[in-house]
Amino acid sequence: MKLAILSRAPRAYSTQRLRSAALDRGHTVKVLNTLRFSIDLSGEEPDLQFRGKQLSHYDAILPRIGNSITYFGTAVVRQFEQMDVYTPNPAYGITNSRDKLRATQILSRHNIRMPATTFVRDRADVIPAIERVGGAPVVIKLLEGTQGIGVILAPDRKVAEAIIETLHSTQQNVLIQRFVKESKGRDIRALVVGDRVVAAMRRVAQGDEFRSNVHRGGSVEPVALDEEYERTAVQAAQIMGLRVAGVDMLEGNDGPLVMEVNSSPGLEGIETATQLDVAGAIIDYIANQVAFPEIDVRQRLSVSTGYGVAELLVHPGADLVGRKLSESGLDERDITVLTLHRGAKVIPNPRHKEVVEAGDRLLCFGKLEEMKSMIPARRRRRARVKKLPEQPIHEG
C-alpha cells in the first residue's frame, strides 16, 4: 500500500518507527506535514493539495496530529475520508478524544467506568460539585491539557475553590474529578490496535508526584492485563471511534477506571518497556483494513426516502420481550436489526434465534414510520398561545 503519515515531527521517535515499520514490510510511505495541505473544494470531487500541488493518490493515512492544530488537522483527515482514503482514526474520533468533557460524556453513555466527574461554570456550583465527587482532595483538569499539563491535585476544598475560580477568571474550562487514592500515583497505558490490546505498561509517578506521565519523570514497566482491563480498553477506544489509541486507566479497588483515550499515543515508552513491535502491529492492521475506508453509516443509510437508522429501547412489557427476532415481526415491517446492545454486551448482526430481553437496545435500519410507531408515545401538554402583552419589549 501507499501510506501517508500526517505529522509535523518527522524526526520524532513515533514517526520514525512507523515509517521504518512500513518500509520493512514493503510499503511505500511518506511523512507529510499536516499544515502544508490545502483543502480543495472547487472541483467536481473533493480533493487535496500539498505544498501547492495536487496530491497524488494514497491508499491510507495515519494521523499523528498535535493538540495545537486539532481543528485544521481533523479538517484534513475529514477530506481524506471524503476521498475514500482509509484512516484508522477518523476525524470525529480524534475530535471526540481531544475534548476531555466530550470524551467523558460519550464514554459514560456506554457504561465505561471512570472516576466520578463533574463540570460546572458558576462559582456557586463549585462546592456542591466537589461534594458530589466525594469531597477533597480532588483532581482539577483543563479540558484540553496533554502530557499531564493542566492537571492539578487540590488537597482541600478551599484550595480547590480558589484554583477553579482563578482558572474560570482566565476563561478556562475545567473538570472536577475524584482523586483515586488507591491508584497511588500509578496508571496503566494500554495500546489498542483494532479490537485488541497489543501492548500495555504501568506508569509509576516519581516521588510525591501524583501524575505518572513519562514526560513528568514517571517510570514504566511492562504489565500483563487481565480480561476486564483489556475489554475496557478496547471498548473505550471503539466507542470513541478510534482503531489506534492509547487508553489510560487507573487501578481502582473495583477494577479499571478510564482516565483518557489518546488518538496519537507515543510509542517510545511502551516499545521500550515491553520490547514489542507496536509500530509494526499498527502498520499490519492498516494494511489489512485498507480496503474498508471510513464511511458515515447513518448518512449512507439515510439517503433512501423514508428509510433511516434508529435505536429502539425494548421497554418491560413490550410485545418484543421474550420473543426470538424471527418471531418479532420486524422483518415483515421492513426493519433490520444491525446490532443488539444488552448492558455492556454488544451482539453484532444478531441471529434470528436471539431472544429479545427487556432493556435491550436494538440498532435498526428500516422504514422510519414503522420504527416511529414502536416508540411509546410521550404525554405532552399542548401549550396555550397567549395574547401579546401590551408592552412586548421592556425599555432599559
Side-chain angles (χ1 to χ4, degrees), residues 6 34 63-81 87-122 125-126 129-130 132-133 138-152 164 167-168 170-178 180 187 189-190 192 211 213 232-250 256-266 294-299 309 311 341 344 346 361 363:
L6 308 187
T34 314
R64 301 285 304 178
I65 294 170
N67 200 63
S68 62
I69 63 163
T70 297
Y71 185 83
F72 185 79
T74 51
V76 171
V77 174
R78 193 177 303 114
Q79 189 74 350
F80 272 110
E81 293 174 44
T87 174
N89 289 350
Y92 77 90
I94 298 170
T95 302
N96 287 343
S97 66
R98 286 289 159 84
D99 185 324
K100 288 184 174 65
L101 175 60
R102 181 186 298 187
T104 302
Q105 289 175 305
I106 294 171
L107 292 173
S108 66
R109 172 67 176 81
H110 295 273
N111 301 315
I112 297 294
R113 294 184 66 248
M114 295 171 289
T117 303
T118 63
F119 178 69
V120 296
R121 187 67 193 185
D122 194 285
D125 297 325
V126 171
I130 292 173
R132 282 200 302 275
V133 301
V138 293
V139 176
I140 300 166
K141 292 184 176 181
L142 293 179
L143 289 190
E144 297 182 352
T146 60
Q147 298 176 354
I149 299 171
V151 180
I152 306 166
I164 294 167
L167 291 172
H168 280 171
T170 61
Q171 303 305 310
Q172 297 280 0
N173 288 312
V174 299
L175 294 180
I176 305 170
Q177 203 166 67
R178 180 173 80 87
V180 183
D187 70 11
R189 160 65 65 89
V192 176
R211 294 168 295 183
N213 305 72
T232 299
V234 171
Q235 285 184 340
Q238 292 181 337
I239 289 166
M240 297 302 291
L242 302 171
R243 295 297 176 264
V244 174
V247 181
D248 297 337
M249 298 175 285
L250 295 177
L257 298 169
V258 174
M259 284 195 305
E260 188 174 352
V261 182
N262 193 317
S263 62
S264 296
E294 185 74 18
I295 60 172
D296 187 330
V297 176
R298 182 180 291 273
Q299 185 186 79
V309 181
E311 186 175 70
H341 293 253
V346 179
R361 289 181 289 119
L363 181 64

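- Counting all heavy atoms, side chain and backbone alike, H341 lies closest to E311 at CD2-OE2, 4.5 Å.
- In this structure, CG on N67 lies 9.5 Å from OG on S264, to the nearest 0.5 angstrom.
- Rounding to the nearest 0.5 Å gives a distance of 11.0 Å between CG of N89 and CG of N96.
- Across M114 and V258, no two heavy atoms sit closer than the pair CG-O, 3.3 Å.
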query = Between T70 and R98, is a side-chain hydrogen bond (donor to acceptor under 3.5 Å, both in side chains) present by the stated rule, with each step listed?
reply = CA-CA 8 Å; T70 297; R98 286 289 159 84; 2.8 Å; yes
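- Residues H168 and R121 are in side-chain contact: their nearest non-hydrogen atoms beyond the backbone lie under 4.5 Å apart.
- Between the CZ atom of R78 and the CD1 atom of I94 there is a distance of 9.5 Å, given to the nearest 0.5 Å.
- Here the straight-line distance linking atom CZ of R132 with atom CD1 of I130 works out to 10.0 Å at 0.5 Å rounding.
- Side chains of L175 and I140 form no contact here, defined as non-hydrogen atoms less than 4.5 Å apart.
- L6 CG to T34 OG1: the interatomic distance, rounded to the nearest 0.5 Å, is 5.0 Å.
- Under the 4.5 Å side-chain criterion, counting only non-hydrogen atoms from C-beta, Q177 is not in contact with V133.
- Checked options I164, T117, D125; the residue passing with I176 is I164 (criterion: side chain to side chain contact (heavy atoms under 4.5 Å, CB included)).
- Nearest heavy-atom pair across P256 and R113 is O-NH1, 3.2 Å.
- Interatomic distance, OG of S97 versus CD1 of I239, reported as 13.5 Å (0.5 Å rounding).
- In this structure, G266 and R189 approach most closely via the heavy-atom pair N-NH1, 4.3 Å.
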ask   = Does the side-chain contact (heavy atoms from CB on, under 4.5 Å) test come out yes or no for V180 and R178, once each step is laid out?
value = CA-CA 6 Å; V180 183; R178 180 173 80 87; 3.9 Å; yes
task = Decide yes or no on side-chain contact (heavy atoms from CB on, under 4.5 Å) for E81 and T87, but give the supporting numbers first.
result = CA-CA 7 Å; E81 293 174 44; T87 174; 4.0 Å; yes
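- Exactly one of I106, I112, N262, T95 qualifies for a side chain to side chain contact (heavy atoms under 4.5 Å, CB included) with M240. That residue is I106.
- Residues V174 and K141 have side chains not in contact (no heavy-atom distance under 4.5 Å, counting atoms from C-beta outward).
- For the pair A236 and V247, the tightest heavy-atom approach, listed with the atom from each and the gap, is CB-CG1, 4.2 Å.
- Each of V76, V77, T74 was evaluated against P63; a single residue qualifies, V77, per the side chain to side chain contact (heavy atoms under 4.5 Å, CB included) test.
- Counting all heavy atoms, side chain and backbone alike, G246 lies closest to P265 at N-CG, 3.6 Å.
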